[in-house]
Amino acid sequence: MTRLAALCPFPRYWRSSERNREDFTRRAELQVIRIQKRWQRDADYKDTFAKDLIDAETHLVTMPDSGTQWQIQQGRLIRRWLLSKSKCFLYYQHQAERERILVVAIWDCRRGTEPKL
């Protein structure tokens with residue numbers, strides 16, 4: 001069992017769908033772990049962040065281009081999706097040719113800054 005799976009009630013690699021598969025970069029995994037630990041330690045509703053991630057998965061596997069266009073990095077468009085209850089942004093690339101969504105960062109939007117990718 002990975003550290004991410006131990007901390008959050010979802011697998012390291014989100015469920016595969018017929019259309020897309022989702023993966024996390026190592027940086028995104030560490031961010032999930034850090035944010036989940038904070039939610040477990042400080043929040044009244046401890047599973048809010050994990051539920052937000054599951055809701056994002058449900059949406060993005062069927063409509064991967066629905067996130068807001070954020071910036072282009074290394075020739076790839078990075079999109080941003082708001083996890084509305086936990087107030088975090090999920091930054092991801094939709095790699096249509098590989099039928100994959102790559103989560104590159106998860107960032108608390110209340111920080112007032114953007115992640116360095």
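Values in this document were obtained by computation on a predicted structure and should not be read as measured data.
- In this structure, Tyr45 OH and Lys85 NZ are separated by 12.5 Å, a value rounded to the nearest 0.5 Å.
- By the side chain to side chain contact (heavy atoms under 4.5 Å, CB included) test, Arg38 pairs with Ile35, Arg41, Asp42, Asp108, Arg110, sequence neighbours left out.
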Donor-acceptor contacts, no H, no angles, side chain residues 68-75, under 3.5 Å, sequence neighbours left out:
| from | atom 1 | to | atom 2 | distance (Å) |
| --- | --- | --- | --- | --- |
| Trp70 | NE1 | Glu114 | OE2 | 3.4 |
| Gln71 | OE1 | Gln73 | NE2 | 2.5 |

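- For Asp52, there are no salt bridge (Lys or Arg N to Asp or Glu O under 4.0 Å) partners, not counting sequence neighbours.
- Taking the side chain as every heavy atom from C-beta outward, Ser86 and Trp39 approach each other to under 4.5 Å.
- A distance of 11.5 Å separates OG1 of Thr48 from CG of Leu53, quoted to the nearest 0.5 Å.
- Here Trp81 pairs with His59 under the ring-ring contact (aromatic ring centres under 6.0 Å, His included) rule; sequence neighbours left out.
- Residues meeting the side chain to side chain contact (heavy atoms under 4.5 Å, CB included) test with Lys46, sequence neighbours left out: Gln40.
- Annotation: side chain of Val104 is not in contact with side chain of Phe24 (no heavy-atom distance under 4.5 Å).
- For the residue pair Ala105 and Ala28, the shortest heavy atom distance occurs at N-CB, 3.9 Å.
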**Q.** Criterion side-chain contact (heavy atoms from CB on, under 4.5 Å) on Cys88 and Trp107, from CA distance to verdict
**A.** CA-CA 5 Å; Cys88 292; Trp107 199 254; over 6 Å; no
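- Heavy-atom minimum distance, Thr62 versus Thr58: OG1-O, 3.5 Å.
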- Message: Quick one, Val103 with Asp23, criterion side-chain contact (heavy atoms from CB on, under 4.5 Å). Give me CA distance, side-chain angles, the key distance, then yes/no.
- Response: CA-CA 6 Å; Val103 178; Asp23 294 323; over 6 Å; no
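- For the pair Arg80 and Phe89, the cation-pi criterion (under 6.0 Å, within 45° of the ring axis) is fulfilled.
- Comment: Glu97 engages Arg76 in a salt bridge, judged by a side-chain N to carboxylate O separation of less than 4.0 angstrom.
- Between Leu83 and Asp55 there is no side-chain heavy-atom pair separated by less than 4.5 Å.
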| request: Evaluate the criterion side-chain contact (heavy atoms from CB on, under 4.5 Å) for residue pair Leu102 and Gln95; output intermediate values, then yes/no. | output: CA-CA 7 Å; Leu102 178 64; Gln95 300 172 345; 4.0 Å; yes
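- For the atom pair OH of Tyr92 and CZ of Arg79, the computed distance is 5.5 Å after rounding to the nearest 0.5 Å.
- Shown here are the side chain to side chain contact (heavy atoms under 4.5 Å, CB included) partners of Asp44, two or more places apart in sequence or in another chain: there are none.
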